Number of protein chains: 2
Amino acid sequence: MAETLSKSLPSSRREFVETAGRLCQRFGLPRSTGQIYGLLYLAPSPLSLDDIAELLSISKASASTGTRQLLSWHAIKQIWVPGDRRDHFEAVGDLHDLLRAGYEKFFRPKLERSVSKMDHLLVCLEADRKAGLLTKEEHAFCKERLAHLRSLQTRVQKLLPLAEKFL
Amino acid sequence: MAETLSKSLPSSRREFVETAGRLCQRFGLPRSTGQIYGLLYLAPSPLSLDDIAELLSISKASASTGTRQLLSWHAIKQIWVPGDRRDHFEAVGDLHDLLRAGYEKFFRPKLERSVSKMDHLLVCLEADRKAGLLTKEEHAFCKERLAHLRSLQTRVQKLLPLAEKFL
DNA sequence: CAGTTCGTTCAATTCTGATTGAACGAATAA
DNA sequence: TTATTCGTTCAATCAGAATTGAACGAACTG
């Protein structure tokens, strides 16, 4: 017994979906993923995969990969709807949590890796120097610039937890 | 009288170029642009377009568009080298300035536009409501979520100038 | 003046990564 | 059991953006 509802969005929600999609796209994430989150963020009740695919006019395959992506970020969660075999999804509304988690999972590891990369580069620089591949000035110049960068990194590392508290 | 120098980089600088390229790429900017900045950031003396193209093994066309991009962001500047007709480029070392400028030029306008977008959406929501396109609950739910988002936006707007000062 | 050199532009190509349709396995229903 | 529904996976396609080669105009050179 399939419900054959209107399956279209009011303009407010439609525009919101579009905005969310573009935002994601700008950050290098798949547009459809952002659209899905946008759709769910303003959905008063959980939606099934088919709902999502139909409302966004995307394939069920896209909807599936998108939702799994969002689940892995804990940006949405699965909801069991009694009497319906299908999975339903709803957005996690607390964006603050979401940001914190995103920082922990994405930025922090990346920052840390970039710090060790810098350390490696400094070692590398000394090796090049010993191998006679750099002039005295070149060595001094690079060392100074790398140090500058390094100090910026540590400042950022200190800033982000503070920022998180502030928000 | 063309100088036929070795035209290759020590491993420290080569790795730095690679890292800078990947960083840019991650933020949706052309990789080559990041590579150019990385190359110049560790260059003790200004480089010509041809130097850049050769050292990075990219076409002169790419080097040209990349440098113009970076110039527009004030991330590099043109240097006049006496006795050489060609343009030479050097990186602006002060990343702090660069970040501030990037915020002013990129993030701030985008944030502001997103704020007015939200206001528009709230208007839109009321219109949908009056047109009878939304149930009472749907309207209330959306309004609450949009308000939540809106408040997050203003908090971010307040945070960023502070963060800038902190760095 | 003709002949180079330099930097930019633009159409064509290439790459990367998002999206899809089709096929599949698991779970449910009949 | 067989048939159907649901969600995932995967190879193929598609779109958009980066990159290039070629052509051009402007500035220099001799």
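If you're wondering where the values come from, they're calculated on a predicted model, not measured in any experiment. Convention: sequence-line order gives letters A, B, ...; per-chain numbering from 1.
For residues 62-85 of chain B, the set of pairs meeting the salt bridge (Lys or Arg N to Asp or Glu O under 4.0 Å) definition, not counting sequence neighbours, comprises Asp84(B)-Arg86(B). Contacts classified as salt bridge (Lys or Arg N to Asp or Glu O under 4.0 Å) and involving residues 157-167 of chain B (residues at least two apart or in different chains) are given here: Arg100(B)-Glu164(B).
In this view, Tyr37(B) and Tyr41(B) satisfy the ring pair (Phe, Tyr, Trp, His ring centres under 6.0 Å) rule, not counting sequence neighbours. The side chain to side chain contact (heavy atoms under 4.5 Å, CB included) check on Ser62(B) picks up Ile58(B), Ser59(B), with sequence neighbours excluded. Residues satisfying the side chain to side chain contact (heavy atoms under 4.5 Å, CB included) test with Glu18(A), not counting sequence neighbours, are Arg22(A). Looking at residues two or more places apart in sequence or on another chain, you find a side chain to side chain contact (heavy atoms under 4.5 Å, CB included) between Arg150(A) and Val115(A), Met118(A), Asp119(A), Gln153(A), Thr154(A). With sequence neighbours left out, Pro44(B) forms a side chain to side chain contact (heavy atoms under 4.5 Å, CB included) with Glu138(A), Phe141(A), Arg13(B).
Of all the residues in residues 32-44 of chain B, Ser32(B) reach under 4.0 Å from DNA chain D with at least one non-hydrogen atom. Sorted by residue number, the members of residues 55-67 of chain A with any non-hydrogen atom under 4.0 Å from DNA chain D read Lys60(A), Ala61(A), Ser64(A).
One finds a side-chain N or O of Arg68(B) lying less than 4.0 angstrom from the OP1 or OP2 phosphate oxygen of dT9(C).
If you take CG of Asp51(B) and P of dC6(C), they are 11 Å apart, rounded to a whole angstrom. Atom CG of Asp84(A) and atom P of dA29(C) are 11 Å apart (whole Å). One interatomic measurement links the two molecules: CG of Leu29(B) to C1' of dT19(D), which rounds to 16 Å at whole-angstrom precision. Residue Phe27(B) contributes atom CZ, which lies 19 Å from atom C1' of dA18(D) at whole-angstrom precision. Per the geometry, CG belonging to Asp87(B) stands 17 Å off P belonging to dT5(C), to the nearest Å. What separates CZ of Arg26(B) from C1' of dT16(C) is a distance of 14 Å, to the nearest Å. We find that CD of Gln69(B) is positioned 13 Å from P of dA17(D), with the value rounded to whole Å. The CG atom of Leu47(B) sits 12 Å away from the P atom of dG7(C) (whole-angstrom rounding).
Follow the hydrophobic side-chain contacts under 4.5 Å out from Val17(A) and you reach Leu29(A) in the same cluster. Hydrophobic clustering of Ile, Leu, Val, Met, Phe, Trp and Tyr side chains at less than 4.5 Å, counting indirect connections, keeps Val81(B) apart from Val92(B).
With a 6.0 Å radius and a threshold of 12 heavy atoms from other residues, nucleotides or ligands, Lys117(B) has its NZ atom above the threshold.
Distance from the side chain of Asp50(B) is smallest to dG7(C) among dA18(D), dG7(C), dT19(C).
Side-chain N/O atoms of Ser11(A) and Asp128(B) include a donor and acceptor closer than 3.5 Å.
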Once Watson-Crick and G-U wobble pairs under 3.5 Å are found, how is DNA chain C written in dot-bracket notation, 5' to 3', with | for any base paired to another strand? ||||||||||||||||||||||||||||||
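Of the two residues contacting DNA chain D, namely Leu49(A) and Arg31(A), the nearest-nucleotide position lying further toward the 5' end is that of Leu49(A).
Proximity of Phe89(A) to Leu49(A): side-chain heavy atoms (C-beta onward) are separated by under 4.5 Å at one or more points.
Through side-chain heavy atoms spaced under 4.5 Å, either directly or across other Ile, Leu, Val, Met, Phe, Trp or Tyr residues, Val123(A) is tied to no other residue.
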Assess the residue pair Arg108(A) and Glu112(A) against the criterion (salt bridge (Lys or Arg N to Asp or Glu O under 4.0 Å)); give the C-alpha distance rounded to whole Å, side-chain angles, the decisive distance to 0.1 Å, and a yes or no. CA-CA 6 Å; Arg108(A) 183 124 86 103; Glu112(A) 273 163 14; 3.6 Å; yes
Tabulated below should be each protein N or O lying under 3.5 Å from an N or O of nucleotides 25-30 of chain D; please produce it.
none

